[in-house]
Amino acid sequence: MKAKLEHILRQCLESCFETGGLVRTPIPDFVVEIPNNPEHGQFATNLPMTLASSQKRPPREIAGVIVEALREKHPLLEKVEIAGPGFLNFTIRLEEWNRVLAEIITLGPDYGRSDLGAGERILVEFVSANPTGPLHLGHGRGAALGDSLCRILSFCGFEVAREFYINDAGLQIRLLGESIYSRWRQRRDPAAPFPEGGYMGGYIETLASEIDEIDALDALDPDEAVERCAEFGRQRMLEEIRSDLEAFRTTFDIWVSEKALVASGLLDEVLERTRARGDLYEQDGAWWIKTTLFGDDKDRVIRKNDGQFTYFATDIAYHLDKWKRGFTRAVNIWGADHHGYVQRVKAALMANGLEEDWLSVILIQLVKLWEGGTEIRMSKRAGTYVTLRELMDEVGVDATRFLFLVKNHDSPLDFDLDLARKQDSDNPVYYVQYAHARICSVFRKAAEEGMSLPEEPLEVLGRLELEEERALVRFLARFPSLLADVCGSHEPHRVPYYLTELASAFHKYFNLGTRIPEHRIVTRDAPRTQARLCLAAGIRTVLQNGLLLLGVHAPERM
RNA sequence: GCGCCUGUAGCUCAGUUGGACAGAGCAGCGGACUUCUAAUCCGCAGGCCGGGGGUUCGAAUCCUCCCAGGCGCGCCA
């Protein structure tokens with residue numbers, strides 16, 4: 001509806017230009033929005049004010065010209081008013097709103113789907129954990145965010161690829177191997193040394209006993225044995241990560257191995273190209289890339305003086321590989337502790353001829369865990385951290401995902417275990433789910449009374465006479481533009497907020513019937529009941545579609 | 001020291017990309033079940049939007065300077 005209105009306004013301006021009512025100028029950026037104050041209409045625009053300077057006329061006068069031009073056409077509009085310093089306030093005809101509701105019922109699971117992305121190919125890389133240990137809460141937050149964003153983008157017509165980058169080339173994997181090998185040796189010789197900075201978690205011991213059963217490490221020299229342990233650990237941890245993510249309802253299309261990437265020779269190609277452009281130089285026996293040419297604060301080493309490539313080098317190669325695979329845009333979801341790398345990666349990509357905004361990086365802040373009013377401190381090195389798996393087992397996937405998604409990614413998240421465990425309405429996920437279950441229950445009741453949805457919703461929707469009902473219809477109409485906004489802002493947290501607000505409006509409406517029987521959905525008045533069932537069906541559809549985009553179930557009973 | 005993020009009710013956070021009088025949930029107090037599910041709803045109370053200055057018709061939102069907190073500033077990965 002908002003998009004329609006914007007379109008109408010543009011058309012209207014064009015006709016004002018043609019008739020000479022307004023001087024032809026470029027159309028400025030203006031907004032159509034839903035005012036907080038209902039007295040300001042169902043929609044409002046600041047268009048006249050944005051035109052004031054180029055037209056050299058007072059906003060209210062311009063508004064008058066526009067209103068005059070609108071008056072003739074557009075059956076959509078019930079009322080247009082000039083208000084305040086030069087706003088236009090719109091009221092849409094009731095029939096139009098009812099048409100939207102009828103459409104929601106027809107579209108069902110497709111309501112909100114769009115071709116906004118026009119098939120644009122976009123690569124979303126997220127989680128990308130080192131396969132050196134189980135996933136922790138930070139990964140969970142990234143998984144929920146990335147997965148939900150992907151669901152929304154593809155619902156809106158983007159062709160999305162979900163990718164997990166496996167950091168399996170560096171010293172971390174070697175250290176994993178050493179840690180496992182050490183634990184294996186300690187099974188016989190408790191005095192065997194444990195590597196400095198090694199992985200302390202109990203899962204290392206599990207891996208050690210697993211490998212003991214299938215592999216004769218005794219027969220190998222230590223170096224080979226560590227190698228074997230590393231490969232075994234990598235493999236097992238990847239399996240575990242993959243199955244944990246699947247349990248978390250997060251799947252990936254592509255798993256890229258850093259090791260394979262390094263072996264592919266792409267790195268040499270990148271270096272050659274960078275050298276050819278003159279953005280590579282040697283100093284102190286190392287190779288440097290001139291990232292300062294593209295907004296970085298200092299140049300960066302990509303090959304150390306010992307001949308080893310830095311992590312940064314493979315990162316550049318990796319991102320160029322994404323580009324070569326034909327994606328017109330890339331989104332990375334990183335922990336906020338990596339923010340220092342954003343500019344240098346972008347700089348390196350620009351040095352290779354890419355546009356700066358080809359890559360956008362979403363940084364997610366830390367997750368802190370709270371229980372009984374105190375913070376549970378976690379340390380990966382010491383192996384004292386709560387895993388995503390434990391959290392899922394403890395509070396369930398629905399609550400975990402919802403609580404991760406409900407906050408903006410750039411503010412730190414306090415995860416309250418006590419709250420997450422609660423099976424009541426304090427827990428926002430149940431509040432929303434309950435609204436859905438309640439509607440399902442209403443339909444069961446209606447069926448008992450022999451009532452169901454009408455064949456032709458438009459014939460009965462005129463019976464939605466309560467202001468609460470009409471406001472609900474208008475609220476449902478916002479869903480598509482909400483999703484469009486999320487595609488642009490990469491802020492899925494707006495969806496749970498919207499759903500919570502919708503659930504609240506529904507619960508409020510439902511409760512009208514507890515005092516006044518005529519306000520119940522199912523009454524003896526058949527046409528009115530049918531109209532209200534339409535409304536309930538519309539709400540149910542939006543709740544279902546919205547929850548699905550969050551990866552949260554919509555239960556029929558609770 | 002430099003860079004990024006954050007600062008809104010006692011607590012946790014929204015705030016439609018600069019709009020009209022600042023919102024919600026929890027916590028507190030007081031109410032509503034012979035019901036389509038009370039996992040719900042209604043009412044009361046609670047604010048110098050960290051602070052100062054600026055930009056304009058208009059600022060929680062943009063600029064600038066402070067203050068406080070988090071994170072990052074390796075030829076580590």
Side-chain angles (χ1 to χ4, degrees), chain A residues 2 29 31-37 39-40 44-46 49-50 52 58-59 83-87 89 130 132 167 169-175 258 283-288 297-298 300-306 308-312 314 335-343 363 365-366 370 406-408 410-414 416 419 422-428 430-431 433-435 437-446 448-449 478 481-482 485 488-489 491 493-494 496-498 500-501 503-504 506-515 517 520-523 529 532 536 557-558:
Chain A
K2 191 194 269 189
D29 284 335
V31 292
V32 173
E33 58 179 5
I34 299 168
N36 294 320
N37 186 338
E39 285 172 26
H40 297 143
T45 183
N46 60 354
M49 287 181 284
T50 61
F87 289 101
N89 294 340
N130 289 345
T132 54
N167 286 114
L171 294 170
Q172 300 298 331
I173 293 289
R174 174 80 190 177
L175 193 56
E258 181 186 4
Q283 186 183 309
D284 304 331
W287 296 359
W288 299 69
D297 7 333
K298 54 187 284 198
R300 307 289 172 174
V301 168
I302 66 175
R303 204 187 83 147
K304 300 185 264 180
N305 61 13
D306 64 2
Q308 291 277 343
F309 289 105
T310 60
Y311 175 85
F312 179 47
T314 46
D337 52 344
H338 288 79
H339 71 76
Y341 299 86
V342 176
Q343 200 48 48
L363 297 172
Q365 297 288 334
L366 286 179
W370 292 74
V406 81
K407 295 213 175 132
N408 194 329
D410 64 13
S411 65
L413 189 152
D414 288 325
D416 184 341
L419 176 66
K422 275 195 185 174
Q423 304 262 323
D424 63 27
S425 63
D426 286 356
N427 192 333
Y430 294 112
Y431 183 83
Q433 289 180 319
Y434 181 55
R438 221 174 193 185
I439 292 171
C440 292
S441 168
V442 169
F443 273 92
R444 287 191 293 269
K445 171 72 179 180
E448 279 171 29
E449 308 284 326
R478 286 171 50 184
S481 61
L482 169 78
D485 284 351
S489 66
E491 290 176 342
H493 74 278
R494 291 196 191 174
Y497 269 95
Y498 170 85
T500 305
E501 211 178 325
S504 168
F506 170 72
H507 285 312
K508 194 175 291 196
Y509 171 60
F510 181 91
N511 271 279
L512 291 177
T514 63
R515 297 202 174 199
R520 289 193 196 174
I521 294 170
V522 179
T523 63
T529 298
R532 288 178 176 172
R557 292 171 198 273
M558 288 175 74

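Below, read A as the first sequence line, B as the second, and so on, with proteins coming before strands; counting in each chain starts at 1.
- The partner of rG18(B) cannot be assigned: no Watson-Crick or G-U wobble pair with both contacts below 3.5 Å exists in any strand.
- For Asn167(A), the side chain to side chain contact (heavy atoms under 4.5 Å, CB included) partners are Asn130(A), Tyr165(A), Glu258(A), Tyr311(A), not counting sequence neighbours.
- Taking the C1' atoms as reference points, rU6(B) lies 11 Å from rG50(B), given to the whole Å.
- The salt bridge (Lys or Arg N to Asp or Glu O under 4.0 Å) search around Glu491(A) returns Arg494(A), not counting sequence neighbours.
- rC76(B) makes up no base pair with any nucleotide shown, lacking Watson-Crick or G-U wobble contacts both under 3.5 Å.
- Using N1 to N3 plus N6-O4 or O6-N4 for Watson-Crick, or N1-O2 and O6-N3 for G-U wobble, each under 3.5 Å, rA39(B) pairs with nothing.
- The neighbour count for Asp29(A) CG, taken as heavy atoms of other residues, nucleotides or ligands under 6.0 Å away, does not exceed 12.
- Rounding to whole angstrom units, CD1 of residue Ile34(A) and P of rU17(B) are separated by 10 Å.
- Under the ring-ring contact (aromatic ring centres under 6.0 Å, His included) criterion, Tyr509(A) pairs with no residue at all, not counting sequence neighbours.
- Summarising the geometry, the separation between CZ on Phe506(A) and C1' on rA38(B) is reported as 14 Å, rounded to the nearest angstrom.
- Pair assignment for rG3(B): rC71(B), on the basis of Watson-Crick or G-U wobble contacts that are both within less than 3.5 Å.
- One interatomic measurement links the two molecules: CE of Met558(A) to C1' of rA38(B), which rounds to 13 Å at whole-angstrom precision.
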Q. Under the side chain to side chain contact (heavy atoms under 4.5 Å, CB included) criterion, do Val342(A) and Leu363(A) qualify, and how do the steps go?
A. CA-CA 9 Å; Val342(A) 176; Leu363(A) 297 172; 4.2 Å; yes
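- Here Arg174(A) pairs with Glu178(A), Asp223(A), Glu227(A) under the salt bridge (Lys or Arg N to Asp or Glu O under 4.0 Å) rule; sequence neighbours left out.
- Atom P of nucleotide rU12(B) and atom CG of Leu419(A) are separated by 13 Å, given to the nearest angstrom.
- With a 3.5 Å ceiling on both atom-pair distances, rA60(B) lacks any Watson-Crick or G-U wobble partner.
- Base contact: Asn46(A) has a heavy atom under 4.0 Å from a base atom.
- Remark: the separation of the P atoms in rC11(B) and rU34(B) is 39 Å, to the nearest Å.
- Atoms CD1 (Ile521(A)) and C1' (rC36(B)) sit 7 Å apart, rounded to a whole Å.
- Between Tyr509(A) and Thr50(A), the one whose closest nucleotide on RNA chain B sits nearer the 5' end is Thr50(A).
- Atom CD in Gln343(A) sits roughly 14 Å away from atom P in rG3(B) (whole-Å rounding).
- With both pairing distances under 3.5 Å, rC49(B) is matched to nothing as a Watson-Crick or G-U wobble pair.
- Applying the side chain to side chain contact (heavy atoms under 4.5 Å, CB included) criterion to Val442(A), with sequence neighbours excluded, gives Phe510(A), Ile521(A), Val522(A), Leu533(A).
- Between Arg444(A) and Glu448(A) there is no salt bridge, since no side-chain N of the basic residue sits under 4.0 Å from a carboxylate O of the acidic one.
- Residues passing the ring-ring contact (aromatic ring centres under 6.0 Å, His included) test with Tyr431(A), sequence neighbours excluded: His507(A).
- The 5' end of RNA chain B is approached more closely, in terms of each residue's nearest nucleotide, by Asn408(A) than by the other of Asn408(A) and Gly513(A).
- With P as the reference atom, rC49(B) and rC21(B) are 15 Å apart, rounded to whole Å.
- Ring geometry for Tyr497(A) versus His493(A): interplanar angle over 60°, hence perpendicular rather than tilted (30 to 60°).
- In textbook terms, a nucleotide whose glycosidic angle is within 90° of 0 is syn, while rU16(B), being further out, is anti.
- When the C1' atom is compared between rG69(B) and rU8(B), the two are found 16 Å apart, to the nearest whole Å.
- Leu413(A) has its CG atom 14 Å from the C1' atom of rU6(B), to the nearest Å.
- The 12-atom threshold is not exceeded at NZ of Lys508(A), counting heavy atoms of other residues, nucleotides or ligands nearer than 6.0 Å.
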Q) What is the per-nucleotide protein-contact pattern of nucleotides 20-27 of chain B, from the 5' end, where B denotes a base atom under 4.0 Å from a protein heavy atom, S denotes such proximity for sugar-phosphate atoms only, and - denotes neither? A) BB----SS
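- Under the rule for a side chain to side chain contact (heavy atoms under 4.5 Å, CB included), the partners of Tyr430(A) that lie at least two apart in sequence or sit in another chain are Gln423(A), Asn427(A), Gln433(A), Met558(A).
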Pairwise N/O distances under 3.5 Å, protein to nucleotides 42-46 of chain B:
from, atom 1, to, atom 2, distance (Å)
rC42(B), OP1, Lys508(A), NZ, 3.1

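- Between rA59(B) and rC63(B), the distance separating the two P atoms is 16 Å to the nearest Å.
- If you check every strand for non-hydrogen atoms under 4.0 Å, Thr523(A) touches nothing.
- Taking only side-chain atoms of Val442(A), from C-beta outward, the nucleotide of rC5(B), rC36(B), rU17(B) with the closest atom is rC36(B).
- Across rG46(B) and rA9(B), the matching P atoms stand 15 Å from one another, rounded to whole Å.
- Nucleic acid contact for Ser411(A): sugar-phosphate only, since backbone atoms but no base atoms lie under 4.0 Å from a heavy atom of the residue.
- In this structure Leu419(A) satisfies the side chain to side chain contact (heavy atoms under 4.5 Å, CB included) test together with Asp416(A), Asp426(A), sequence neighbours excluded.
- In this view, Asp414(A) and Trp370(A) satisfy the side chain to side chain donor-acceptor pair (under 3.5 Å) rule, not counting sequence neighbours.
- Under the Watson-Crick and G-U wobble criteria, each requiring two contacts below 3.5 Å, nucleotide rG25(B) is paired to rC11(B).
- Relative to the side chain of Met49(A), the nucleotides rG19(B), rU12(B), rA39(B) differ in distance, and rG19(B) lies closest.
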Q.
So if I define the base as every atom that isn't primed, P, OP1 or OP2, how would nucleotides 70-77 of chain B read as a B/S/- string at a heavy-atom cutoff under 4.0 Å?
A. -BSS-BBB
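- Distance check on atom C1': rU16(B) versus rU61(B) gives 12 Å, rounded to whole Å.
- Taking atom P in both rG23(B) and rA60(B), one finds a spacing of 13 Å when rounded to whole Å.
- Note: CG (Asp416(A)) to P (rU12(B)) measures 11 Å, nearest angstrom.
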